[in-house]
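Structure record follows, encoded as structure tokens.
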Amino acid sequence: MWRWENQDQIVLWIWIGIGLFFLTTLFITLLVINYLRSIKKNKQKVSQLVRNTKKEYWENTLLLQEQDRERLAEELHDNIISQLNLIRLNLTDKNPEELNRDLKKSMQLIRELSHNLTPPDLDEVELADLIADYLDQVNKNIEVIFHHITIRTPISSPVKLNLFRIVQELITNILKHAEATRVDVSLRISLNYLMLTIEDNGRGFIMQTHSGGIGLRNIQSRAQKIKAIYKLKTQPEKGTKFIACMAIQ
């Protein structure tokens with residue numbers, strides 16, 4: 001009798017073991033299924049994030065292109081076309097020397113505009129030289145002091161281009177709105193960081209009233225693209241100072 005009861009207990013424990021095995025297998029299977037579902041969801045989230053990032057990138061690119069076209073149209077209308085119209089209206093009153101001088105001025109404006117729109121091969125020129133060449137042209141209209149302390153360290157073409165466009169944007173705003181007589185530009189490049197400073201002695205402005213302008217939005221967008229931190233300090237009648245800093249990777 002005892003042996004029979006002992007066999008029943010053994011069978012019971014076997015069934016308990018089988019049950020525990022199946023429960024454990026079921027639990028592990030559910031964990032694996034949930035894990036696979038989680039991976040699938042994460043992949044979908046990553047894919048959606050990539051799509052959103054690409055969409056945002058192209059939207060920003062199109063926005064910058066439209067802003068560049070607007071500035072080009074403005075430059076053509078305000079500077080070159082206006083200058084040519086003056087030549088046309090006064091054509092009969094001008095002597096050949098005056099006419100030649102005015103035509104040369106218009107041609108110079110076109111060359112400057114072309115240079116600003118299509119900078120040279122960025123792989124072949126240092127950032128300091130690129131900025132210096134541009135400021136040499138600006139120096140004809142306003143006193144420009146350019147200080148640069150740089151070492152030869154690799155800087156990518158996108159960083160050069162975006163910093164160069166930021167300089168152009170700021171200088172253009174100074175020439176058009178600041179009524180300044182002097183601009184100080186400083187560029188410092190070390191092994192680990194880059195710092196750009198542009199300061200004028202113009203009339204300044206109230207920051208809150210211009211925070212939504214196209215120029216400032218353009219600067220903000222370009223700074224974000226190269227992961228630069230910047231600060232714009234200005235007060236009425238106290239000039240404007242722009243400082244940008246970024247790590248060199």
Side-chain angles (χ1 to χ4, degrees), residues 45-75 116-123 125-131 134-135 138 146 148 150-151 153-178 183-200 204-235 239-249:
K45 289 180 180 179
V46 170
S47 298
Q48 184 64 38
L49 180 61
V50 170
R51 287 194 294 270
N52 291 340
T53 303
K54 287 182 177 179
K55 181 181 178 182
E56 183 179 356
Y57 170 78
W58 286 115
E59 287 177 350
N60 288 335
T61 300
L62 292 174
L63 176 61
L64 290 176
Q65 289 176 349
E66 288 301 318
Q67 291 172 357
D68 286 338
R69 291 189 181 100
E70 289 177 7
R71 283 195 298 274
L72 174 58
E74 184 179 350
E75 289 292 334
N116 294 341
L117 290 172
T118 56
D121 187 356
L122 297 175
D123 291 329
V125 63
E126 297 293 329
L127 178 60
D129 296 333
L130 185 64
I131 294 176
Y134 170 68
L135 294 179
V138 176
F146 182 36
H148 57 93
T150 63
I151 63 172
T153 184
I155 298 177
S156 67
S157 292
V159 170
K160 289 181 185 178
L161 179 60
N162 281 286
L163 283 173
F164 179 66
R165 294 303 188 201
I166 288 173
V167 171
Q168 284 183 307
E169 186 72 52
L170 290 167
I171 296 296
T172 298
N173 288 339
I174 291 171
L175 294 176
K176 286 187 176 181
H177 309 297
V183 180
D184 288 273
V185 180
S186 173
L187 178 67
R188 295 176 179 270
I189 301 176
S190 70
L191 288 174
N192 300 317
Y193 75 93
L194 180 152
M195 180 174 288
L196 172 69
T197 305
I198 300 177
E199 185 174 8
D200 69 69
F205 58 90
I206 300 175
M207 190 68 183
Q208 288 77 6
T209 61
H210 293 76
S211 59
I214 292 176
L216 293 181
R217 291 205 308 268
N218 190 27
I219 291 172
Q220 180 182 17
S221 177
R222 292 190 181 278
Q224 289 176 347
K225 286 180 182 297
I226 58 176
K227 299 180 180 179
I229 300 172
Y230 75 92
K231 186 173 184 179
L232 188 66
K233 299 193 297 184
T234 182
Q235 292 184 25
T240 303
K241 187 174 184 179
F242 172 87
I243 303 173
C245 185
M246 61 170 293
I248 298 178
Q249 300 176 350

So among Asn162, Leu161, Leu163, which one has a side-chain contact (heavy atoms from CB on, under 4.5 Å) with Val159?
Leu163
For a 4.5 angstrom cut-off between non-hydrogen side-chain atoms, does Ile243 reach Ile229?
no
Considering all heavy atoms of both residues, which atom of Leu232 and which atom of Phe205 are nearest to each other, and what is their separation?
CD2-CZ, 4.1 Å
If every non-hydrogen atom of Ala128 is compared with every non-hydrogen atom of Phe146, which pair is closest and at what distance?
O-CE2, 3.6 Å
Counting C-beta onward and ignoring hydrogens, is there a side-chain heavy-atom pair between Val185 and Leu196 closer than 4.5 Å?
yes
On a heavy-atom basis, which atom in Ile155 and which in Lys160 lie closest, and how many Å separate them?
O-CE, 3.3 Å
With no hydrogens and no angle check, do the side chains of Arg217 and Gln220 hold a donor and an acceptor under 3.5 Å apart?
no
What verdict does the side chain to side chain contact (heavy atoms under 4.5 Å, CB included) test give for Val167 and Leu130, after you've listed the backbone C-alpha separation in whole Å, the side-chain angles of each residue and the deciding distance to 0.1 Å?
CA-CA 11 Å; Val167 171; Leu130 185 64; over 6 Å; no
If you measure from CD on Gln168 to CZ on Arg222, what distance do you get to the nearest 0.5 Å?
8.5 Å
Quick one, Val138 and Ile174 - any side-chain contact, counting heavy atoms below 4.5 Å?
no
How far does CD1 of Ile131 sit from CD1 of Ile171, to the nearest 0.5 angstrom?
9.5 Å
Quick check for you: to the nearest 0.5 Å, what is the distance between Asn192 atom CG and Met246 atom CE?
12.0 Å
Indicate yes or no: at least one non-hydrogen side-chain atom of Glu126 is less than 4.5 angstrom from one of Thr150.
no
Side chains of Tyr230 and Ile166: does their closest heavy-atom pair fall under 4.5 Å?
no
Counting only heavy atoms not in Ile151, do more than 12 fall under 6.0 Å of its CD1?
yes
What closest approach, in Å, do Met195 and Cys245 show between heavy atoms, and which atom pair accounts for it?
CE-SG, 4.2 Å
Non-hydrogen side-chain atoms of Leu170 and Val183 separated by less than 4.5 Å
no
To the nearest 0.5 Å, how far apart are CG in Leu194 and CZ in Arg188?
11.5 Å
Working to the nearest 0.5 Å, report the span between OG of Ser221 and CG of Leu216.
12.5 Å
Restricting to non-hydrogen atoms, name the atom on Glu169 and the atom on Asn218 that form the minimum distance, rounded to 0.1 Å.
OE1-ND2, 3.1 Å
Looking only at heavy atoms, the pair that brings Ala178 and Asp200 closest together is CB-OD1, 4.2 Å
